Amino acid sequence: MSVPLYHYLGLSAILFAIGVAGVLTRRNAIVVFMCVELMLNAVNLTLIAYSAHLGNVSGQVMVFFVMAVAAAEAAVGLAIIIALFRNKQTVNIDEINILKW
Amino acid sequence: VSVESVIFYCVAAAAVITAVLMTLQRNPLMSAICLIANFFCIAALYLILQAQFLAVIQIVVYAGAIMVLVVFVIMLLNLGDEAKLTERLDIRKVAGTTLVFGLLLELLYLVGFADMTPSARGFPLEATDLGTVESIGSAMFTQFLFPFEITSLLLLAAIIGAIILAKKRV
């Protein structure tokens with residue numbers, strides 16, 4: 001194999017940082033949600049790179065579980081966004097402050 | 001330079017570019033399309049890493065199911081006037097970007113230690129059937145049977161939670 005492991009890990013780190021940047025700077029709740037998905041994918045890439053590196057299938061099974069959690073998170077998160085939009089008529093996370101005291 | 005490394009660097013560049021475009025797009029629908037392209041790039045990387053089954057699952061579950069749900073919600077909410085979400089350059093954006101660069105440097109610093117793992121000599125060549133349905137299935141239904149069953153419970157809870165949250169009146 002010609003591509004060393006740390007190139008995969010570096011790519012994963014860059015993708016994770018881009019996801020964090022999106023979560024911290026964007027104000028649209030749906031875009032923030034998509035950036036969280038990007039961070040999950042970056043971690044999945046790390047798990048699969050180590051799985052191939054060590055010749056062990058456990059990392060791939062773990063990625064499968066992460067995908068199941070991501071699917072559950074997508075269903076619940078989007079339902080929360082719809083419920084918020086129904087109450088507040090906005091998805092701007094600056095105006096969604098009903099949990100703030 | 002082997003074919004594999006050329007493919008890797010091209011796909012990696014495409015993944016980074018689509019990820020950056022996703023965070024910079026004003027229109028959430030364009031962000032979603034960039035994210036779908038990014039998911040396809042990551043699926044290609046899974047194929048390079050001998051994870052055939054997960055590459056297919058990545059496209060079916062992420063690019064298929066989850067992103068269809070996201071695009072459906074974007075269209076349902078009909079967020080026409082993006083101007084209301086004023087994404088101006090304020091102190092939070094500067095602080096956030098600074099923090100992200102700190103995080104990126106820290107992560108890349110840690111990645112530098114990654115090759116100190118015991119078997120850093122390279123990918124094992126005999127493990128060509130690593131990511132097949134058979135090997136993942138046998139691991140999932142023997143070693144990871146209990147987490148697998150818990151996952152079904154989690155999905156059931158998510159289904160019920162999503163229906164209750166999105167319902168008009170409880």
Side-chain angles (χ1 to χ4, degrees), chain A residues 1-11 13-22 24-28 30-31 33-35 37-38 41 44-45 48-49 51-55 57-58 60-61 63-65 67-72 74-76 78-83 85-86 90-92, chain B residues 2 4-5 8 12 15-16 19-20 22-23 28 31-32 35 38-39 42 45-46 49-51 54 57 61 65-66 69-70 73-74 77 79 85 87 93 96-97 99-100 103-104 107-108 111 114-115 119 122-124 127 130-131 135-136 139-140 144 147 151 154-155 158-159 161-162 165-166:
Chain A
M1 288 293 179
S2 50
V3 181
L5 173 70
Y6 63 91
H7 286 193
Y8 285 101
L9 300 183
L11 172 66
I14 291 168
L15 289 178
F16 190 87
I18 293 169
V20 175
L24 288 179
T25 56
R26 294 302 299 261
R27 303 267 74 88
N28 189 331
I30 296 175
V31 179
F33 175 84
M34 287 193 280
C35 290
E37 298 286 335
L38 180 65
N41 267 280
N44 282 352
L45 183 60
I48 288 192
S51 167
H53 181 70
L54 300 173
V57 82
S58 297
Q60 300 195 2
V61 179
V63 169
F64 189 85
F65 290 137
M67 283 180 180
V69 172
V76 175
L78 290 170
I80 289 173
I81 290 175
I82 288 179
F85 188 79
R86 188 174 289 143
T90 182
V91 290
N92 187 341
Chain B
S2 68
E4 186 204 324
S5 58
F8 170 77
V16 172
V20 170
M22 183 198 79
T23 56
S31 290
L35 188 58
N38 187 55
F39 285 162
I42 291 178
L45 291 176
Y46 289 177
L49 288 168
Q50 304 170 355
L54 284 170
I57 291 294
V61 172
I66 293 180
L69 206 60
V70 169
V73 168
I74 291 171
L77 300 188
L79 302 168
L85 305 180
E87 311 243 356
K93 194 164 277 189
T97 314
L99 281 174
V100 164
L103 174 73
L104 182 59
L107 285 174
L108 291 177
V111 163
D115 264 355
S119 64
F123 294 95
L130 187 65
S135 62
I136 291 182
M140 193 181 293
F144 294 95
T151 304
L154 172 79
L155 288 175
I159 292 167
L165 279 172

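Just so you know, these numbers come straight off a predicted model, no measurement behind them.
In this structure, the separation between CG on A:Asn41 and CG on B:Leu45 is 10.5 Å, given to the nearest 0.5 Å. A distance of 9.0 Å separates CG of A:Leu24 from CG of B:Leu103, quoted to the nearest 0.5 Å.
When the side chain to side chain contact (heavy atoms under 4.5 Å, CB included) test is applied to B:Val20, the partners found at least two apart in sequence or on another chain are A:Ile18, B:Val16, B:Leu24. For B:Leu108, the side chain to side chain contact (heavy atoms under 4.5 Å, CB included) partners at least two apart in sequence or on another chain are A:Ala13, B:Leu104.
Interface remark: of the candidates B:Ala12, B:Gly161, B:Ala139, B:Ala12 forms the most heavy-atom pairs closer than 4.5 Å to chain A. Most heavy-atom pairs under 4.5 Å with chain B, from the set A:Val69, A:Ile82, A:Ile48, A:Val76: that is A:Ile48. With respect to chain A, the highest number of heavy-atom pairs below 4.5 Å among B:Ala15, B:Gly96, B:Ala65, B:Ala51 belongs to B:Ala51. The greatest number of non-hydrogen atom pairs below 4.5 Å with chain A, out of B:Thr151, B:Ile66, B:Leu99, is found for B:Ile66. With respect to chain B, the highest number of heavy-atom pairs below 4.5 Å among A:Gly22, A:Ser51, A:Ala21, A:Ala68 belongs to A:Ala21. Counting heavy-atom pairs under 4.5 Å between each of A:Ile14, A:Ile81, A:Ile80, A:Val57 and chain B puts A:Val57 at the top.
Contact record, A:Met34 with B:Pro28: CE-O, 3.7 Å, taken as the closest heavy-atom pair. Residue B:Met22 comes nearest to A:Arg26 through the heavy atom pair O-NH1, 4.0 Å, listed as atom of the first residue, atom of the second, then distance. Taking every heavy atom of both residues into account, A:Ala75 and B:Ala162 meet most closely at O-CB, 3.8 Å. Nearest approach of B:Ile136 to A:Gln60, heavy atoms of both residues: CD1-OE1, 3.3 Å.
Only the side chain of B:Ile42 comes within contact range of chain A, with at least one heavy atom under 4.5 Å from a heavy atom of that chain. The part of B:Phe8 that comes within reach of chain A is its side chain, from C-beta onward, which places non-hydrogen atoms under 4.5 angstrom from that chain. Contact annotation for A:Phe64: both backbone and side-chain heavy atoms come within less than 4.5 Å of a heavy atom of chain B. In this structure, chain B has heavy atoms under 4.5 Å from both the backbone and the side chain of A:Leu45. If you measure heavy-atom distances from A:Leu11 to chain B, the contacts under 4.5 Å come from the side chain alone. B:Leu69 touches chain A through backbone and side chain together, each having a heavy atom under 4.5 Å away. Contact annotation for B:Ser135: both backbone and side-chain heavy atoms come within less than 4.5 Å of a heavy atom of chain A.
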Between A:Asn44 and B:Tyr46, is a side-chain contact (heavy atoms from CB on, under 4.5 Å) present by the stated rule, with each step listed? CA-CA 10 Å; A:Asn44 282 352; B:Tyr46 289 177; 3.1 Å; yes
Please determine whether side-chain contact (heavy atoms from CB on, under 4.5 Å) holds for the pair B:Leu77 and A:Ile30, giving the CA-CA distance in whole Å, both sets of side-chain angles, and the decisive distance to 0.1 Å. CA-CA 10 Å; B:Leu77 300 188; A:Ile30 296 175; 4.0 Å; yes
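A heavy-atom distance below 4.5 Å is found between the side chains of A:Thr25 and B:Thr97.
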